[in-house]
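Inspection log for the structure reproduced underneath, given as structure tokens.
Values reported hereafter were calculated over all heavy atoms of this structure, with side chains retained and with hydrogens, waters and symmetry mates removed. Position 1 is the first residue of the sequence, and the numbers go up from there.
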Amino acid sequence: MKFKMIEPPKNGKPITIANNRLKVPSNPIIPVIEGDGIGRDIMKATRRVVDAAVEKSYAGRKEIVWFDIYAGEAALERYGEVLPKDTFNAIKQFIIALKGPLTTPVGGGYRSLNVTLRQVLQLYACVRPVRYFQGVPSPVKHPEKMNVIIFRENTEDVYAGIEWARGTKDAKKIIDFLNKSMKVKVRSDSGVGIKPISVTGTQRLVRKAIRYALENNRPSVTLVHKGNIMKYTEGAFRDWGYKLAAKEFSTQTVSEDELWSKYKGEIPEGRILIKDRIADSMFQQILTRTDEYDVVATPNLNGDYLSDACAAQVGGLGMAPGANMADFVALFEATHGTAPKYADKDMVNPGSLILSAVMMLNYLGWKEAAKSIEDSMEKTILNKTVTYDLHRQMEGATKVSTSQFATHIIENL
């Protein structure tokens, strides 16, 4: 694949797909988008930590060959556009990429750069692991009970962006059609949006969640929805999820109904439980019965809310990693924004992006390096050498900069 203004490094090799699996060389080329605002600081810190962990874990037998690509402000300066074709092509060709936070320029022609990347690359699953690191301040009594992996559908629901502003001709046309042809009552002064949820989008997300649970020995997958109200969208998400599990994983899963009607409440050995919860009930239970939940699959909007609510229990978005994934292509990224008032001040917590890179290392199969970073970050936090966001919540802590926090993690590897 040809690129207009970037050149892939010569000292690395691309990741490929063979026999429906990733084939990872010892020196994979990984495209990296530095990001806007604080992205510049946290990406530098993250790359240092990852490189040090890989070197320490594999003693030169493996290395990541970073390939700088551009989006947001840096792309606008270089290309005159915020999402150049080079960027999409690089991620498609090299399969796995790491990204800092991006700002969507006002009047830039995009609702969101992040959403555009997900939709164009068909990164249909937003995957958010949320777990507790010892020493991190938390608003709950038992944050250690939190250990969930949220699979949030990424391309449909209200995030599809199908809407019309109040008072426009198109909004009037839609409202007139609904009121006259569909016999419903929508006020004439309404803005109107459409919430599509498809069999295709639901099944590929639930399939990915179940496969993850099976491959990682997780005991359950919970379908979270508001199907008691939105019966043909979120209710359908629930029904299609159960049907997918029964059809494609019949010997590996058991539904909650079957658990009691066939198995007297005892999950058969070697199977995982498929259950569902109404969204508002789930928000309560993720606080009161946290350890009953494991892998979670949810439509887009519910997943957005739920993943941030879970992150709040374990220290906030600064400790929350994430990835946007297709069947193979994966874009690992910090889950927070660009925080422009802190840009280039070397002060914010790089934890979210570092832990997103940990997810990336696990996806590569480099689990030793991934675990070494997690262990070292926990040790660093327990030593109370933390950035300002954690420092202000901890007694007797030493406040360090973004780069210093990375240095402490490297020293503790």
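A salt bridge between Arg204 and Asp327 is absent, with no side-chain N of the basic residue lying under 4.0 Å from a carboxylate O of the acidic one. With respect to the salt-bridge test (charged N to carboxylate O, under 4.0 angstrom), the residues Asp294 and Arg218 qualify. The residues Glu395 and Lys384 are annotated as not salt-bridged, no charged nitrogen and carboxylate oxygen being separated by less than 4.0 angstrom. Salt-bridge check for Glu378 with Arg131: passed, with a basic side-chain N closer than 4.0 Å to an acidic carboxylate O. Salt bridge absent: Asp239 and Lys243 never bring a charged side-chain N and a carboxylate O closer than 4.0 Å.
Here the closest non-hydrogen pair linking Glu156 and Pro196 is CB-O, 3.2 Å. Taking every heavy atom of both residues into account, Ile149 and Phe151 meet most closely at CG2-CE1, 3.5 Å. Nearest heavy atom pair, residue Ala297 against residue Leu205, reads CB-CD2, 4.3 Å. Ala213 and Val221 get closest at one heavy-atom pair: CB-CG2, 3.8 Å. Minimum interatomic distance between Phe94 and Pro8 (heavy atoms only, all atoms of both residues): CZ-CB, 3.9 Å. Taking both residues in full, the closest heavy atoms of Tyr263 and Arg271 are given as OH-NH1, 3.6 Å, listed atom of the first, atom of the second, then distance.
The backbone N or O of Ser255 sits less than 3.5 Å from a side-chain atom of Glu258, completing a donor-acceptor pair. Ser376 contributes a side-chain N or O that, together with a main-chain N or O of Ile409, makes up a donor-acceptor pair within less than 3.5 Å. Formation of a donor-acceptor pair under 3.5 Å by the Thr87 side chain with backbone atoms of Leu83 is not found in this model. A donor-acceptor pair is defined here as one N or O able to donate and one able to accept, closer than 3.5 Å; such a pair exists between the side chain of Thr290 and the backbone of Leu287. Put simply, the side chain of Gln313 never gets that close to the backbone of Val140: no donor and acceptor are under 3.5 Å apart. For the pair Gln122 (side chain) and Gln119 (backbone), a donor-acceptor distance under 3.5 Å is present. No donor-acceptor distance shorter than 3.5 angstrom exists from the side chain of Ser281 to the backbone of Arg277, with no hydrogens or angles considered.
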Check: residues 335-358 side-chain donor-acceptor pairs under 3.5 Å, at least two apart:
| unit_1 | atom_1 | unit_2 | atom_2 | d |
| --- | --- | --- | --- | --- |
| Thr335 | OG1 | Ala320 | O | 2.7 |
| Thr338 | OG1 | Thr103 | OG1 | 2.8 |
| Asp344 | OD1 | Arg40 | NE | 2.8 |
| Asp344 | OD2 | Arg40 | NE | 3.4 |
| Asp344 | OD2 | Arg40 | NH2 | 2.9 |
| Lys345 | NZ | Lys341 | O | 3.0 |
| Asp346 | OD1 | Thr402 | N | 3.4 |
| Asp346 | OD1 | Ser403 | N | 2.9 |
| Asp346 | OD1 | Ser403 | OG | 3.3 |
| Asp346 | OD2 | Ser401 | OG | 3.3 |
| Asp346 | OD2 | Ser403 | OG | 2.8 |
| Asn349 | OD1 | Gly351 | N | 2.7 |
| Asn349 | ND2 | Asp389 | OD2 | 3.1 |
| Ser352 | OG | Ala320 | O | 2.5 |
| Ser352 | OG | Thr335 | N | 3.1 |
| Ser356 | OG | Gly322 | N | 3.1 |
| Ser356 | OG | Glu333 | O | 2.7 |
| Ser356 | OG | Ser352 | O | 2.8 |

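Judged by a 6.0 Å distance limit and a 45° cone about the ring axis, Arg238 is not positioned over the six-membered ring of Tyr242.
The closest side-chain heavy-atom distance from Trp240 to Ile197 is below 4.5 Å. Residues Glu163 and Val192 form no side-chain contact, since every pair of their non-hydrogen atoms from C-beta on lies 4.5 Å or further apart. Considering only heavy atoms from C-beta on, Tyr124 comes within 4.5 Å of Lys208 through its side chain. Between Leu364 and Ile15 there is a side-chain heavy-atom pair separated by less than 4.5 Å. In this structure, the side chains of Leu117 and Asn324 stay at 4.5 Å or more apart for every pair of heavy atoms. For the pair Lys92 and Leu121, the minimum side-chain heavy-atom distance is below 4.5 Å. Using a 4.5 Å heavy-atom cutoff, the side chains of Ile64 and Trp366 are in contact. In this structure, Pro101 and Ile42 have side chains that are in contact, with non-hydrogen atoms separated by less than 4.5 Å.
For the pairing with Tyr293, the side-chain contact (heavy atoms from CB on, under 4.5 Å) check across Lys145, Met146, Lys275 returns one residue only, Lys275. Paired with Asn412 under the rule side chain to side chain donor-acceptor pair (under 3.5 Å), one option of Thr407, Thr380, Thr385 passes, and it is Thr380. Just one residue in the list Lys226, Lys195, Arg152 forms a salt bridge (Lys or Arg N to Asp or Glu O under 4.0 Å) with Asp157, and that residue is Lys195.
Leu390 CG to Met319 CE: the interatomic distance, rounded to the nearest 0.5 Å, is 6.5 Å. The structure places CZ of Arg21 at 12.5 Å from OG1 of Thr16, a figure rounded to the nearest 0.5 Å. Separating the CG atom in Asn302 from the OG atom in Ser307 is a distance of 10.5 Å, to the nearest 0.5 Å. The line from CD1 of Ile91 to CZ of Phe67 is 10.5 Å long, rounded to the nearest 0.5 Å. In this structure, Ile29 CD1 and Gln93 CD are separated by 8.0 Å, a value rounded to the nearest 0.5 Å. The OG1 atom of Thr398 sits 12.5 Å away from atom CZ of Phe405, with the distance rounded to the nearest 0.5 Å.
Under a cut-off of 6.0 angstrom, the local environment of NZ in Lys13 is sparse, with at most 12 non-hydrogen atoms contributed by other residues, nucleotides or ligands. Atom NZ of Lys62 has more than 12 neighbouring heavy atoms from other residues, nucleotides or ligands inside a 6.0 Å radius.
Inspection of the Glu63 and Asn11 side chains reveals no N or O donor paired with an N or O acceptor under 3.5 Å.
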Verify side-chain contact (heavy atoms from CB on, under 4.5 Å) between Ile17 and Leu22, making sure each step is shown before the conclusion.
CA-CA 5 Å; Ile17 300 167; Leu22 290 178; 4.3 Å; yes
Checking Val206 against Ile274 for the side-chain contact (heavy atoms from CB on, under 4.5 Å) test, could you report, in this order, the C-alpha distance in whole Å, the side-chain angles of both residues, the deciding distance, and whether it holds?
CA-CA 10 Å; Val206 174; Ile274 309 297; over 6 Å; no
Any chance you could lay out the side-chain contact (heavy atoms from CB on, under 4.5 Å) test for Met43 and Val32, step after step, and finish with the verdict?
CA-CA 9 Å; Met43 185 60 80; Val32 56; 3.5 Å; yes
Can you check side-chain contact (heavy atoms from CB on, under 4.5 Å) on Val148 and Ile286, steps first, answer last?
CA-CA 10 Å; Val148 298; Ile286 204 65; 4.2 Å; yes
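Under the ring pair (Phe, Tyr, Trp, His ring centres under 6.0 Å) criterion, Tyr132 pairs with no residue at all, not counting sequence neighbours.
Here ring pair (Phe, Tyr, Trp, His ring centres under 6.0 Å) pairs that include residues 297-324, with residues two or more places apart or in two chains, number zero.
Using the six-membered ring where Trp is involved, Tyr79 and Tyr70 have ring planes that are tilted, between 30° and 60° apart.
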